[in-house]
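One structure below.
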Amino acid sequence: MAGAPLHPGAWWLWSLSLGTAATRTTNPLLLTLLIATSAYVVATCRPDAPWARSYTAFVKLALAVLLIRLVFAVALGSPVPGTHVIVNLPELPLPPWAQGIRLGGKVTAETLAFALYDGLRLGTLLICVGAANSLANPARLLKSLPGALYEMGVAVVVALTYAPHLIADVQRLRAARRLRGRPDTGIRGLLHVGLPVLEGALERSVALAAAMDARGYGRTADVPPRVRRTTTALTLGGLLGVCAGTYGLLTAEGGTYGLPVLLCGVVAALAGLRLGGRRSLRTRYRPDRWDARAWLVAGSGAAVAALLALAATRDPAALHPGVVPLVAPTLPLWPAAAVLLGLLPAFISPAPRNPTPLNPALKEPS
């Protein structure tokens, strides 16, 4: 018997922790190891659902970002000096007000290496976010939001639910027009297809609004003005603290204050959301439980981020290979072992297998 599905928040914490680890290094070997770790976990733990097929799209997006970064480095140059010239492109003269920018010129190996490392880091971050989208059920994640974010969660759920309906309506109407021998492309076909789709969407919106009003959506409890002001101050102050702390962690100058400010911001924001939840009169049906597996999954990702941040402080040369002079990157052993801790979810929360029928002959053909 398959276990209960993992809390979606644990998957997001695991993925964002891997993305945080990716921001602490430009070593292509470590970044490739992070990508391989996320890919193995996705292949092992991804459920068989339509929303779980977005990982490939994020991988393609990461490849596009890497390619664009390399093209910009070749066409616009780079501030990194280099001596190993690969090709010398014709350089276009620019006016004096465009000093510091060049089009064409020398393309060096140092420039390409710097662009490759930088683009690969951003691509790894995108792939980690794609892993979270493939592993965490968006509807269950929004159901787990605190009461203060209930209205926003419902709006997102409605948008996620209606988007597939709109696509299905467009395909159905285009197929009907083709069967009748009428055009379904161009401006005329778009108008004849778009108007019925918008009309059906408006009818569904009115019906949904009536159903939500009948079920008491939007009704809130009365809370004292002092509690509302405290909630607003804690929430806004906490979010500002999270932004400032995150910026500090991503920069070398803010390494001393980044983590304390981030933790204070998280605590203040959680307190504000807790107080804001008092206005909600709703209850949860079968809420997702944060069990030991969720702690292990989130903890494994947090351990990878913490150990990579520690390695970046103690041995920055290993995590940031130099490009001037150009040296071959090496794989540091204990940071690589720290990245492998991210494989823990593949062993404690694999995807449930489809049950095999007792008599295969009774299975209906698909």
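Looking at Thr235, its side chain never comes within 3.5 Å of a backbone N or O of Thr232 through a donor-acceptor pair. Side-chain atoms of Trp14 come within 3.5 Å of backbone atoms of Gly342 as a donor-acceptor pair (strictly under, hydrogens ignored). In this structure, Ser54 contributes its side chain and Ala57 its backbone to no donor-acceptor pair below 3.5 Å. Judged by distance alone, with hydrogens and angles left aside, the side-chain atoms of Asn27 form a donor-acceptor pair with the main-chain N or O of Thr330 at under 3.5 Å.
Val323 approaches Ala113 most closely through the heavy-atom pair CG1-CB, 4.0 Å. Closest approach of Trp11 and Val41 over heavy atoms only: CZ3-CG1, 3.9 Å. Scanning all heavy atoms of the two residues, the minimum distance from Leu66 to Gly119 falls at CD1-C, 3.7 Å. Scanning all heavy atoms of the two residues, the minimum distance from Ala244 to Val261 falls at CB-CG1, 4.0 Å. Between Val42 and Ala131 the shortest heavy-atom distance is CG2-CB, 3.6 Å. Counting all heavy atoms, side chain and backbone alike, Ala62 lies closest to Ile127 at CB-CG1, 3.7 Å.
When hydrophobic clusters are built by joining Ile, Leu, Val, Met, Phe, Trp and Tyr residues whose side-chain heavy atoms come closer than 4.5 Å, directly or via intermediates, Leu340 is grouped together with Leu307. Cluster annotation: Leu61 and Ile68 are assigned to distinct hydrophobic clusters (Ile/Leu/Val/Met/Phe/Trp/Tyr, side-chain heavy-atom contacts under 4.5 Å, transitive). There is no path of hydrophobic side-chain contacts, each under 4.5 Å, that joins Val59 to Leu126. Side-chain heavy atoms closer than 4.5 Å link hydrophobic residues (I, L, V, M, F, W, Y) into clusters, and following such links, even through other members, never connects Leu122 to Phe58. Criterion: ILVMFWY side-chain heavy atoms under 4.5 Å apart, direct or through other members. Under it, Val74 and Ile86 are part of a common hydrophobic cluster.
Residues meeting the side chain to side chain contact (heavy atoms under 4.5 Å, CB included) test with Leu310, sequence neighbours left out: Arg314, Trp334. Considering only residues two or more places apart in sequence or on other chains, Leu319 meets the side chain to side chain contact (heavy atoms under 4.5 Å, CB included) condition with Thr25, Leu30, Leu308, Ala311, Ala312, Pro332, Pro335. For Trp290, the ring-ring contact (aromatic ring centres under 6.0 Å, His included) partners two or more places apart in sequence, or in a different chain, are His7, Trp295. By the side chain to side chain contact (heavy atoms under 4.5 Å, CB included) test, Tyr40 pairs with Thr44, Leu343, Ala346, sequence neighbours left out. Residues satisfying the side-chain hydrogen bond (donor to acceptor under 3.5 Å, both in side chains) test with Tyr55, not counting sequence neighbours, are Ser38. Partners of Ser15 according to the side-chain hydrogen bond (donor to acceptor under 3.5 Å, both in side chains) rule, which considers only residues two or more places apart in sequence or in another chain, do not exist here. The side chain to side chain contact (heavy atoms under 4.5 Å, CB included) test applied to Lys60 returns Thr56, not counting sequence neighbours. Contacts of Ser17 classified as side-chain hydrogen bond (donor to acceptor under 3.5 Å, both in side chains), with partners at least two apart in sequence or in another chain: none. Remark: Thr26 pairs with His320 by the side-chain hydrogen bond (donor to acceptor under 3.5 Å, both in side chains) rule, at least two apart or across chains. Scanning for salt bridge (Lys or Arg N to Asp or Glu O under 4.0 Å) contacts around Asp118 gives Arg69, Arg121, with sequence neighbours left out.
The pair Arg293-Asp291 meets the salt-bridge criterion, since a charged nitrogen lies less than 4.0 angstrom from a carboxylate oxygen.
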Decide yes or no on side-chain contact (heavy atoms from CB on, under 4.5 Å) for Val339 and Leu18, but give the supporting numbers first.
CA-CA 8 Å; Val339 173; Leu18 291 188; 5.9 Å; no
Chi angles and distances behind the side-chain contact (heavy atoms from CB on, under 4.5 Å) call for Tyr117, Leu112
CA-CA 9 Å; Tyr117 296 168; Leu112 291 180; over 6 Å; no
In sequence, state the C-alpha distance, the side-chain angles, and the governing distance for Leu116 and Leu70, and then conclude on side-chain contact (heavy atoms from CB on, under 4.5 Å).
CA-CA 7 Å; Leu116 176 64; Leu70 291 174; 4.3 Å; yes
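You'll find the side chain of Ser134 stays beyond 4.5 Å of the side chain of Cys45, heavy atoms only. Counting heavy atoms from C-beta outward, Leu34 and Val304 have side chains that approach closer than 4.5 Å. For the pair Leu120 and Ile35, the minimum side-chain heavy-atom distance is below 4.5 Å.
Membership of an apolar cluster is not assigned to Leu179, as no side-chain contact below 4.5 Å to another ILVMFWY residue is traced. Cluster partners of Leu333, using a side-chain heavy-atom cutoff of under 4.5 Å among ILVMFWY residues and allowing indirect links: none.
Here the straight-line distance linking atom CG of Leu296 with atom CZ of Phe347 works out to 13.5 Å at 0.5 Å rounding. Asn133 CG to Arg46 CZ: the interatomic distance, rounded to the nearest 0.5 Å, is 12.0 Å. Going from atom CG of Leu270 over to atom CG of Leu234 covers 10.5 Å, rounded to the nearest 0.5 Å.
With hydrogens and angles left out, the side-chain atoms of Thr108 and Thr111 include a donor and acceptor closer than 3.5 Å.
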